[in-house]
Amino acid sequence: MESGMISVDKWSSGSQVYFLTHLHADHTVGLSSKWSRAPLFCSRVTAKLFPSKFPGFDLSLLRVVEIGRWHSLPLVSPTSGSATTVSVMAIDANHCPGSLMYLFRGEFGCMLYTGDFRWEKSSNTVEVGRTILLDALKNEKLDILYLDNTYCNPRYSFPSREVAAKQIVDIITAHPKHDIIIGIDSLGKEDLLLYISRTLNIKIWVWPERLQIMHLLGFHDIFTTKTSLTRVRAVPRYSFSIETLEGLNTLCPTIGIMPSGLPWAVKAVKGNGNVFGSSCSTSGLNKSNGNMDFANGSKTHEPNGDLRSVERYCEYIYTIAYSDHSCFAEIHEFIELLRPISMKGIVSSSPSYIDPHYFFGHLCGTKQAFWRLHQKLDNEERLEKVDTIEIKSTIGGTSSVAGRKRKRDQYDFLGRVSRVSLLRRLGHGVRIADI
DNA sequence: GCGATCAGAT
DNA sequence: CACATCTGATCGC
């Protein structure tokens, strides 16, 4: 069995302590009510939500990590078998309620696991996080950054959630007689709903299980399960479709708002020389007769004048780029701030996966010279070099899922992983193992 | 029959 | 396009 000390968002055996970044389903694959391997560290909010996700879970296993404070963990070194200490500090990841990044310090060096995160310049949460990180790293280099690389491509450009929320309120205001359906998940987007409620002075309907979550999060008077009290309803995203909206419209004029989705990503390619070969707007989404029109300007005029982040792909549905992940520019700022010696993307299952080194390798401490040396290589050769660098510079790489996979992945000239089906189910998470 | 895992859909 | 999640099929016990 592989030896290791710490797992993050990974729940198989072999570690002494386990860390959970947040409670979304793709980060808890392998966790269950009966899981009882070892202490599980998470945020206070996550601990509070835990029983609703895993009823019957042994709560005595949970350990709350406070934000911005070092915690010491007495562990056993996998190399020597002797006692060693690992320190961990949590930073708010600004992704969903309770989401954290973890900064670890130990015999393996210094490493940061971001989990899913949104590095919005305008956010006070991010401002606090920046201060904590810079202070914690002022006398120490970051050896490895495990990065949420979901949107690690210049094609992904979108506004802050504050701006996106305003766009959504504008759409609702422009439809005063309509019912409004907003697609959300079991956790996340609460700030958006609060903003809508506050701005329009209206309650928001949610389904019963979601109301329980809202109550656990401390929101008691804003949400309701009585449809008669409001025209704005937040519904599970998976129940949200063109067919649903068409059905609702036979009963009552209704529009749907999808705070995510990617038509904006396709459009964002426009005008940049088409480097990534935009597939244009005729793919899967508009299987009805929708023709990807931009939202009508008079209906959805936005404060920042950026119409690309609001779109309609059918008569009833608006898609708004309200993202809980960092856009490309934010990822850039984050890496530039930390300048890690090495990094590794935690999301390798994406069909458009690009190794973070491809765009940001030049920001990595000891690799800068190496990267300049290879600027003249063509894309294909360069990507092969990236691969090599990453494997060599990985701490405990042989026991990390990402490290194992990548050796065998094939890249096309855009850096896309082509063996998608094999990668799909591997999910997030990493084990921090032996040096 | 049950939980875990996978495939497919949204 | 891809996030997070659902349903339903299949596997192992």
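All figures in this text were calculated on a predicted structure; none of them were measured in a lab. Proteins get letters first, then strands, A, B, ... in listed order; numbering begins at 1 in each.
Atom NZ of A/Lys189 is separated from atom C1' of C/dT5 by 12 Å (rounded to the nearest Å). C/dC1 atom P lies 18 Å from atom CG of A/Asn149, rounded to whole Å. Straight-line distance from the CD1 atom of A/Ile320 to the P atom of C/dA2: 20 Å, rounded to whole Å. Taking atom CZ of residue A/Phe240 and atom C1' of nucleotide C/dC3, one finds them 14 Å apart after rounding to whole Å. Atom CG of A/Asp116 is separated from atom P of C/dA2 by 15 Å (rounded to the nearest Å). The CD atom of A/Glu209 sits 20 Å away from the P atom of C/dA4 (whole-angstrom rounding). Here the P atom of nucleotide B/dG3 and the CG atom of A/Leu31 are 16 Å apart, to the nearest Å. Distance A/His24 NE2 to C/dA2 P: 19 Å, rounded to the nearest Å.
The existence of a salt bridge linking A/Glu162 and A/Lys121 is excluded, since no basic side-chain nitrogen approaches an acidic carboxylate oxygen closer than 4.0 Å.
Residue contacts for A/His95: at a heavy-atom cut-off of 4.0 Å it reaches the sugar-phosphate backbone alone, with no base atom in range. A/Asp324 comes within 4.0 angstrom of no nucleic acid atom, judged by non-hydrogen atoms across all strands. A/Ser239 comes within contact range of no nucleotide atom at all, as no heavy-atom separation falls under 4.0 Å.
Side-chain atoms of A/Arg237 and base atoms of C/dC6 include no donor and acceptor less than 3.5 Å apart.
The side chain of A/Tyr156 approaches C/dC1 more closely than any other nucleotide in the set C/dC1, C/dC3, C/dT5. Candidate nucleotides C/dA2, C/dA4, B/dT10 were compared by shortest atom distance to the side chain of A/Thr150, and C/dA2 ranks first. Comparing atom distances between the A/Tyr151 side chain and each of C/dC3, B/dA4, C/dA4 picks out C/dC3 as nearest. You'll find that the side chain of A/Asp185 is closest to C/dT5, out of C/dT5, B/dT10, B/dA4. If you check C/dT5, C/dA4, B/dT10 against the side chain of A/His325, the one that comes closest is C/dA4.
Checked against side-chain contact (heavy atoms from CB on, under 4.5 Å), A/Leu134 has the following partners two or more places apart in sequence or in another chain: A/Arg130, A/Leu337. By the side-chain hydrogen bond (donor to acceptor under 3.5 Å, both in side chains) test, A/Asp92 pairs with no residue at all, sequence neighbours left out.
The shortest distance between side-chain heavy atoms of A/Ile213 and A/Arg210 falls below 4.5 Å. Using a 4.5 Å heavy-atom threshold, the side chains of A/Asp143 and A/Met111 count as separate.
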